[in-house]
Amino acid sequence: MFDLTGFQVKVYLLCSGVLSLKMLFMALIIGRLRLKKEIFISPEDTVRRGRVSYKDPDIERVRRAHLNDLENIPIFLSTGAMYLLTKPHPLLAAALFLLFTVARLYHTFVYAIRVTPQPARMRAFRIAYIVNICIILLTLLKVIFP
């Protein structure tokens with residue numbers, strides 16, 4: 001039977017929780033920026049004040065970072081859970097989960113919090129992307145060659 005108390009499961013749950021909170025906070029940061037700058041995307045939001053715009057560079061930068069999360073983190077959440085079902089080596093699984101999480105946190109930091117020139121963001125993206133591919137390949141290999 002599947003062991004839900006294993007070290008790798010706890011690390012996966014920790015990383016999943018941190019990444020999920022990060023995505024939720026990104027939405028709050030975007031909302032806070034819109035309120036602070038009084039720039040909204042829907043006309044009904046400007047009843048009292050503000051204007052409609054899709055062009056604010058600060059809001060768009062944070063929004064793009066959030067969209068990048070939405071393209072990458074859900075894949076990790078699903079493939080990481082599938083990987084756990086293959087009973088992976090605990091240290092390898094934990095290392096992959098932590099590496100993905102740190103890379104995604106760093107990606108957000110250099111993209112939306114403290115804007116850093118390339119290649120910082122690209123490297124963070126690549127690391128997380130490669131980790132996702134490794135998790136998928138390790139899962140498939142375990143399924144094909146049990």
Hey, does T86 have a side-chain heavy atom less than 4.5 Å from the side chain of L141? no

Going from CD on E38 to CG on L33, what distance comes out if it is rounded to the nearest 0.5 angstrom? 13.0 Å

CZ (R34) and CZ (F40) are apart, to the nearest 0.5 Å, by 8.5 Å

Should L84 and L91 be regarded as members of a common hydrophobic cluster, given that ILVMFWY residues are connected when their side-chain heavy atoms come within less than 4.5 Å of each other, either directly or indirectly? yes

Side-chain heavy atoms under 4.5 angstrom apart, residues restricted to Ile, Leu, Val, Met, Phe, Trp, Tyr: same cluster for L98 and L92? yes

Working to the nearest 0.5 Å, report the span between CD1 of I29 and CG of D58. 12.5 Å

Contact summary for A112 and M26, nearest pair of heavy atoms: CB-CE, 4.3 Å

Could you walk me through whether L14 and K10 pass the side chain to side chain contact (heavy atoms under 4.5 Å, CB included) test, one step at a time? CA-CA 6 Å; L14 174 70; K10 291 177 182 176; over 6 Å; no

Do V110 and Y106 come close enough that some side-chain heavy atom pair is under 4.5 Å? yes

Under 6.0 Å from the CZ atom of R123, do we count more than 12 heavy atoms belonging to anything else shown? no

For the pair S78 (side chain) and I75 (backbone), establish whether a donor and an acceptor sit closer than 3.5 Å, ignoring hydrogens and angles. yes

The test is side chain to side chain contact (heavy atoms under 4.5 Å, CB included); show your working for R121 and T116 and say whether it passes. CA-CA 8 Å; R121 185 177 84 235; T116 306; over 6 Å; no

With L19 via side chain to side chain contact (heavy atoms under 4.5 Å, CB included) - residues at least two apart: I73, F76, F100, T101, R104

Do V9 and Y12 make a side-chain contact, defined as non-hydrogen atoms from C-beta onward lying under 4.5 Å apart? no

Atom pair CZ (R32) and CD1 (I30), whose distance is rounded to the nearest 0.5 Å: 11.5 Å

Return the CE to CG distance between M23 and N68, rounded to the nearest 0.5 Å. 11.5 Å

Let me see the working for I39 and I59 under side chain to side chain contact (heavy atoms under 4.5 Å, CB included), right down to the final yes or no. CA-CA 9 Å; I39 298 173; I59 293 170; 4.1 Å; yes

Within-4.5 Å side-chain heavy-atom neighbours: V131 and F97: no

ILVMFWY cluster, F7 and V18 together (side-chain gap under 4.5 Å): no

State, without any angle test, whether R61 and Y111 hold a side-chain donor-acceptor pair at a distance under 3.5 Å. no

Going by heavy atoms in the side chains, are D69 and T108 under 4.5 Å from each other? yes

Side-chain heavy atoms under 4.5 angstrom apart, residues restricted to Ile, Leu, Val, Met, Phe, Trp, Tyr: same cluster for F109 and M122? no

Determine, using the 4.5 Å side-chain heavy-atom cutoff (strictly less than), whether Y83 and I127 are members of one ILVMFWY cluster. yes

Yes or no on side chain to side chain contact (heavy atoms under 4.5 Å, CB included) for T139 and T79, after CA distance, side-chain angles and deciding distance? CA-CA 8 Å; T139 301; T79 59; 5.9 Å; no

Measuring from I135:CD1 to I130:CD1, what's the distance to the nearest 0.5 Å? 12.5 Å

